[in-house]
Amino acid sequence: MSRPKGSKNKNPAQGRKTIFKTMSISGKPEEIEYLKQLAEKNGKTVSRLVLDWVLAQPL
């Protein structure tokens, strides 16, 4: 399968797509700042930090 014209990604992950969905997190300023710091400390974005935590929870 060839890459789309103008694509800069020469080695795309096979069969994986990132879906962008905007969501809001409500909290006190210090809580939001804590999330940002925790994400940075772990080398993640806030989105990835939250998703990893949510997906690790049992249903």
Side-chain angles (χ1 to χ4, degrees):
M1 178 179 205
S2 63
R3 293 183 296 128
K5 185 177 181 180
S7 174
K8 295 177 183 172
N9 188 354
K10 295 182 176 157
N11 190 18
Q14 295 295 317
R16 289 180 24 182
K17 289 185 179 180
T18 299
I19 298 171
F20 294 92
K21 178 69 179 168
T22 301
M23 300 178 80
S24 296
I25 297 174
S26 297
K28 297 176 183 173
E30 59 270 16
E31 294 169 328
I32 302 302
E33 186 58 34
Y34 177 73
L35 277 178
K36 289 179 181 180
Q37 290 174 0
L38 191 58
E40 184 176 349
K41 179 180 173 184
N42 287 282
K44 299 180 179 185
T45 63
V46 172
S47 294
R48 179 49 43 197
L49 180 78
V50 171
L51 278 170
D52 287 350
W53 181 80
V54 169
L55 294 173
Q57 303 305 307
L59 292 176

Remaining members of hydrophobic cluster (4.5 Å side-chain criterion), V54: I25, I32, Y34, L35, L38, V46, L49, V50, W53
If you link I, L, V, M, F, W and Y whenever their side-chain heavy atoms are under 4.5 Å apart, who else ends up in the same group as L55? none
Side chains of F20 and T18 in contact at under 4.5 Å (non-hydrogen atoms): yes
Under the side-chain contact (heavy atoms from CB on, under 4.5 Å) test, which residues partner E40, sequence neighbours left out? none
Just to verify, what does S47 make a side-chain contact (heavy atoms from CB on, under 4.5 Å) with, not counting sequence neighbours? T45
List the residues meeting salt bridge (Lys or Arg N to Asp or Glu O under 4.0 Å) with K44, not counting sequence neighbours, and say none if there are none. D52
List in chain and number order the residues that pass side chain to side chain donor-acceptor pair (under 3.5 Å) with N42, two or more places apart in sequence or in another chain; answer none if no residue qualifies. none
